[in-house]
Amino acid sequence: MIRWLIFFLSVLLASLITKETILKIRKKLTPKNQHKNNLVFYLGFLELLSYSVSFIIFKPEFIVFWLGIKSLNRWEVKRANADNNWENNDINIFLLGNLLSIIFSFIIGKIFTGLLQFS
């Protein structure tokens, strides 16, 4: 039980770190800072949770599937806003956020897998 609590808290901490990092970068690059809401945090938390579980159960295919869906959505937004001077910074921030989520998930997954092996 304590291992699952550690797992949950580590995912929560990684989500907070990722959110704050992305918000700071977005604030510097885009003056509007239009994505500063809690929905981004909750989605990021669920992504980190699911990515970490994917690494723990040795099924990283889910991550590829989910990133494909998210990327297709971003591609459609970019195509729809091509006339409106869509910022390249948005896609870079999107990619950076995903990269941070995957890195944190991998680390959490490896640590938690190690904890499970020692029990």
Side-chain angles (χ1 to χ4, degrees):
M1 181 69 174
I2 191 89
R3 283 183 233 123
W4 288 105
L5 181 62
I6 292 170
F7 172 70
F8 183 78
L9 290 176
S10 61
V11 170
L12 182 63
L13 179 63
S15 296
L16 288 170
I17 292 170
T18 303
K19 175 189 171 197
E20 292 303 315
T21 303
I22 296 302
L23 286 178
K24 285 179 185 176
I25 292 170
R26 181 176 293 282
K27 194 176 210 178
K28 287 184 180 182
L29 296 177
T30 57
K32 297 178 206 167
N33 199 12
Q34 54 199 339
H35 295 285
K36 190 175 183 179
N37 60 28
N38 288 335
L39 183 62
V40 173
F41 169 73
Y42 295 129
L43 180 60
F45 173 77
L46 291 174
E47 283 181 350
L48 268 166
L49 187 65
S50 61
Y51 291 174
S52 297
V53 170
S54 295
F55 283 121
I56 290 169
I57 64 173
F58 302 105
K59 295 289 184 188
E61 299 87 13
F62 170 77
I63 299 170
V64 175
F65 172 75
W66 182 247
L67 287 177
I69 290 173
K70 286 176 61 174
S71 297
L72 284 175
N73 183 36
R74 284 288 175 168
W75 183 258
E76 289 300 318
V77 169
K78 182 177 180 178
R79 285 186 45 209
N81 294 328
D83 310 350
N84 300 335
N85 196 13
W86 193 78
E87 294 287 332
N88 285 336
N89 290 335
D90 284 346
I91 194 70
N92 292 333
I93 292 170
F94 168 75
L95 293 173
L96 179 62
N98 283 305
L99 181 63
L100 285 173
S101 291
I102 291 171
I103 289 170
F104 280 131
S105 298
F106 180 77
I107 292 168
I108 292 167
K110 286 295 182 184
I111 291 171
F112 195 72
T113 302
L115 287 174
L116 289 176
Q117 289 176 352
F118 287 120
S119 59

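By the ring-ring contact (aromatic ring centres under 6.0 Å, His included) test, Phe104 pairs with no residue at all, sequence neighbours left out. Looking at residues two or more places apart in sequence or on another chain, you find a side chain to side chain contact (heavy atoms under 4.5 Å, CB included) between Leu13 and Ile17. Listed by chain and number, the residues in a side chain to side chain contact (heavy atoms under 4.5 Å, CB included) with Ser50 are Phe62 (sequence neighbours excluded). Residues passing the side chain to side chain contact (heavy atoms under 4.5 Å, CB included) test with Leu99, sequence neighbours excluded: Ile103. The ring-ring contact (aromatic ring centres under 6.0 Å, His included) search around Phe8 returns Phe45, not counting sequence neighbours.
Between Phe55 and Phe106, the two ring planes are perpendicular [angle over 60°; tilted spans 30° to 60°].
For residues 94-110, the side-chain hydrogen bond (donor to acceptor under 3.5 Å, both in side chains) pairs, not counting sequence neighbours, are Lys70-Asn98.
The closest side-chain heavy-atom distance from Thr113 to Phe58 is below 4.5 Å.
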Is there a side chain to side chain contact (heavy atoms under 4.5 Å, CB included) between Phe112 and Ser52 once you walk through the steps?
CA-CA 9 Å; Phe112 195 72; Ser52 297; over 6 Å; no
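Taking each heavy atom of Ile108 and Ala14 in turn, the nearest pair found is CD1-CB, 3.8 Å.
Rounding to the nearest 0.5 Å places CG of Leu100 at 11.5 Å from OG of Ser15. To the nearest 0.5 Å, atom OG of residue Ser10 and atom CG of residue Leu49 are 9.5 Å apart.
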